[in-house]
Amino acid sequence: MQLYIAIKSIVMAIALVAGFSLFFFKVYRLVSLMQAVQGKVVFKPDRIFDRIKVLFTDVLGQSNVRRKRMPGLAHTLIFFGFLAVQPHSLELMIRGVFAGFHPAVWIPGLYGAYIFMADILAFLVLFGLGYALNRRLFIKPKYLTDGLDARFIILFTAVIIITFHLINAFLMVPAINGSGFNYSRYLTVSAAVHHIFFLNDLSPEAARTGFEAFYWIHILAILGFLIYIPGSKHLHLLAAAPNVFLKSLQRPRAMITTDIEDEEAESFGLGKVCELNWKQVLDLYACTECGRCEEQCPADMTGKPLSPKRVIQDTKHDLFDQSQMVLAKNYDSVVPLVQDASPICQDVLWSCTTCRACEDICPVDIQHLDIILEARKYQVLMESSFPPEVQETFTSLENQSNPWGFGSDARGDWAKGLDVPLMTDNPDADILYFVGCAGSFDDRGKKIARAMAHVLKKAGVNFAILGEEERCNGDVARRAGNEYLAQMMISENLEILNQYRPKKILAACPHCYNVLKNEYPQFGARYDVVHHAEFLLDLVHQGRLKAKGGLGIENLTFHDSCYLGRWNGIFEAPRQLLRSINNDGNLIEMKRSAAEGLCCGAGGARMFMEEAIGKRINHERAQEVIATGATQVAAACPFCITMLTDGIADNNSSVEVKDIAEILDEATN
Ligand code: SF4
Ligand code: SF4
């Protein structure tokens with residue numbers, strides 16, 4: 001026996017040194033890869049206490065994971081049970097090397113409490129694993145990555161948990177338990193295993209053999225798992241917590257800005273994986289392949305070749321495939337990320353509506369858009385490669401500062417006959433109404449702009465517009481990758497805005513609102529910007545608008561604009577506004593609404609591109625509108641209004657589509 005203990009001690013020491021060395025070597029390579037990439041990180045990991053709080057809510061609290069009830073519950077059971085088993089496994093490893101070691105000798109009460117809790121939590125893991133297996137074998141959601149890797153992980157975990165219980169069941173046998181610790185006082189599940197298999201009736205030799213067999217299976221499974229993790233889909237076990245800790249606390253509602261005047265820059269945007277920054281590489285490592293982003297993605301659900309999960313995974317595989325060159329800093333030899341034959345091809349890149357559904361749902365806070373939009377930027381600025389119809393939009397923006405190419409001198413024509421003052425006439429106006437291209441030129445948008453003017457006048461708001469002086473806000477050009485053009489228009493607007501220094505800017509378009517509020521500060525312009533959903537609600541609360549009474553739209557529904565909702569967190573204001581003026585009617589929620597609302601298909605400059613692949617996104621959304629049985633759908637974005645109107649007409653439905661400003665205008669004197 002003494003000889004066996006001595007040999008076991010040596011073998012265990014060798015196994016531990018080999019296993020941990022291999023693990024740390026793999027981790028070292030992953031960290032080296034993060035250090036070898038060239039991109040600059042665009043945020044500072046500050047506010048440590050807030051970050052610790054995020055760790056508690058997002059990682060320990062599993063808040064993001066639990067947004068999907070059953071998979072979230074299963075993951076929570078596996079997460080906590082697996083964590084709970086680890087100190088016990090470590091104890092077993094140490095006891096393998098130093099046979100006399102047992103923590104219960106020093107802290108019997110604490111050890112007893114721990115083993116009691118770990119015994120129950122470990123058992124619950126089996127339910128989580130059962131559900132995970134059931135999803136892979138029977139439920140089979142399309143977005144869930146299944147394969148040998150995932151099943152291997154389930155198997156490893158199951159072996160670790162089952163052997164945990166068997167080892168503890170054997171430790172209740174007096175001949176095996178050399179520590180004097182009273183296991184039977186604290187164990188429940190393992191005690192049941194002990195009794196079911198009549199382990200006390202075994203001979204000491206048989207009990208020792210059984211214990212040692214399960215002990216070695218457990219230790220080898222743990223070490224195998226450790227070595228396997230860094231190269232598997234379970235890399236997220238190592239990367240998810242750091243990624244969440246280092247996430248942008250104030251999720252940037254802005255695109256990454258490029259210094260286009262940097263004469264030393266060799267390239268703009270993201271052309272190769274070596275141009276990622278270390279935080280983006282950590283994002284890639286952190287992906288759990290849960291597929292939640294893919295499930296929410298409007299492009300994927302309508303048959304486009306884009307899946308945000310695959311973008312992350314394909315970028316990761318590209319990085320791993322070229323890791324030798326990246327580690328050697330041989331950047332010139334790294335092949336481009338986007339190529340016709342590569343998984344991330346042009347159709348993938350240009351299918352994105354920048355709706356942010358993927359980022360919003362991601363349990364580990366991955367920022368897909370930083371990759372997609374930076375790759376678009378590279379394609380446009382460095383390769384002049386973009387869908388052909390976008391050229392016309394760029395030309396219109398360049399020549400007339402609007403995507404349709406209407407004469408820029410007609411920008412204020414929508415207001416003719418409405419007695420709307422210009423900023424040149426009323427430079428001290430309380431409100432600068434930034435009308436935007438849709439409100440200024442698009443026929444449907446102009447109706448919304450006129451309704452806005454009526455409502456503002458009825459409420460006695462001292463406002464003015466820029467008229468001909470206004471330029472396109474830059475959103476379409478930026479999202480389409482043309483940072484030069486966007487910055488040109490932004491600087492023209494800045495010149496005008498800085499001249500008037502408006503007290504408050506009001507936008508009735510979420511794209512104008514987002515860019516003016518969140519992206520203009522990147523260029524030094526910090527103005528108080530408000531979206532009309534919040535501004536109009538405020539007017540109603542102040543009692544500045546008098547209801548006609550009797551509006552009562554029976555069965556009204558509301559469509560969230562991505563740039564108002566997910567990008568800026570404004571979900572409630574438009575709903576409150578509608579409820580306040582539509583006392584007699586229902587406000588019905590669609591199948592997908594608020595943070596999980598479905599895009600209309602127009603964002604990310606998609607409004608100005610063909611949608612030739614798969615089902616049209618606005619058709620999908622229109623069908624969700626129609627399915628509510630609503631007679632009217634409200635929105636708070638001119639692009640959404642156009643897309644929904646077309647989608648509903650194409651579905652031969654008579655549901656009316658109105659902006660909240662139009663509904664408020666009709667409802668008030
Ligand atoms: S932003 Fe929207 S369209 Fe783009 S990848 Fe994410 S979910 Fe899909
Ligand atoms: S990117 Fe996020 S949501 Fe998408 S598969 Fe990875 S972890 Fe899941």
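Given the structure is predicted, the values throughout are model-derived calculations rather than measurements. As the structure lists them, so they are numbered: ligands from 1, and atoms in each ligand from 1.
If you check the side chains of Gln346 and Asp340, you find no donor sitting under 3.5 Å from an acceptor. Counted by atom type alone, Asn243 and Asp283 present one or more donor-acceptor pairs between their side chains at under 3.5 Å. With 3.5 Å as the limit, one finds a donor-acceptor pair spanning the side chains of Gln623 and Lys615. Side chain to side chain, Asn518 and Asn568 meet the donor-acceptor criterion of an N or O pair below 3.5 Å.
Within the listing of ligand 2, atoms 7 (S) sit less than 4.0 angstrom from a heavy atom of Val364. The Cys293 neighbourhood of ligand 2 comprises atoms 1 (S), 3 (S), 4 (Fe), 5 (S), with distances under 4.0 Å to a heavy atom of that residue. Proximity to Thr354 (heavy-atom distance under 4.0 Å) selects the following atoms of ligand 1: 1 (S), 4 (Fe). Residue contact check: Thr353 has heavy atoms under 4.0 Å from atoms 3 (S), 4 (Fe) of ligand 1. The distance from ligand 2 to the heavy atoms of Thr288 drops below 4.0 Å at these ligand atoms: 6 (Fe), 7 (S), 8 (Fe). Per-residue contacts place Glu289 under 4.0 angstrom from the following atoms of ligand 2 (heavy atoms of the residue considered): 5 (S), 6 (Fe). Proximity to Lys309 (heavy-atom distance under 4.0 Å) selects the following atoms of ligand 2: 5 (S). Those atoms of ligand 1 that come under 4.0 Å of a heavy atom in Cys352, given as number and element, are 1 (S), 3 (S), 4 (Fe), 5 (S).
Relative ring orientation between Phe639 and Trp404 is described as perpendicular, the plane-to-plane angle rising above 60° on a 0-90° scale split at 30° and 60°.
Judged by the shortest distance from any of its heavy atoms, Gly291 lies inside the 4.0 Å radius around the atoms of ligand 2. In this structure, Ile361 has no heavy atom closer than 4.0 Å to ligand 2. For the ligand labelled ligand 2, residue Gln313 lies outside the 4.0 Å heavy-atom shell.
Scanning all protein heavy atoms for the shortest distance to atom 2 (Fe) of ligand 2 gives Cys362 SG, 2.4 Å. Protein heavy atom in closest approach to atom 6 (Fe) of ligand 2: Cys287 SG, 2.3 Å. In terms of protein heavy-atom proximity, atom 1 (S) of ligand 2 is closest to His368 NE2, 3.1 Å. Among all protein heavy atoms, the one lying closest to atom 8 (Fe) of ligand 2 is Cys290 SG, 2.3 Å.
With a 4.0 Å heavy-atom cut-off, ligand 2 is reached by no atom of Glu294. Contact annotation for Leu306 and ligand 1: only side-chain heavy atoms (C-beta onward) come within less than 4.0 Å of the ligand. Contacts between Arg356 and ligand 1 below 4.0 angstrom, taking non-hydrogen atoms only, involve the backbone exclusively.
Figure legend: Arg479 and Trp350 shown without cation-pi pairing, the cationic atom not lying both under 6.0 angstrom from the six-membered ring centre and within 45 degrees of its axis.
Atom CD of Gln86 is surrounded by more than 12 heavy atoms from other residues, nucleotides or ligands within 6.0 Å.
The aromatic ring centres of Phe394 and Phe386 sit less than 6.0 Å apart. Ring centroid separation for the pair Tyr28 and Phe24 does not come in under the 6.0 Å cut-off. A ring-centre distance under 6.0 Å is not found for Phe23 and Tyr228.
When each of Arg356, Arg566, Arg575 is paired with Asp560, the salt bridge (Lys or Arg N to Asp or Glu O under 4.0 Å) condition holds for Arg575 and for no other.
When distances to atom 6 (Fe) of ligand 2 are checked against a cut-off of 2.8 Å, His236 contributes no N, O or S atom below that limit. Put simply, Cys355 stays out of reach of atom 6 (Fe) of ligand 1, with no N, O or S atom under 2.8 Å from it.
Between Lys247 and Asp58 there is a salt bridge, since a side-chain N of the basic residue sits under 4.0 Å from a carboxylate O of the acidic one.
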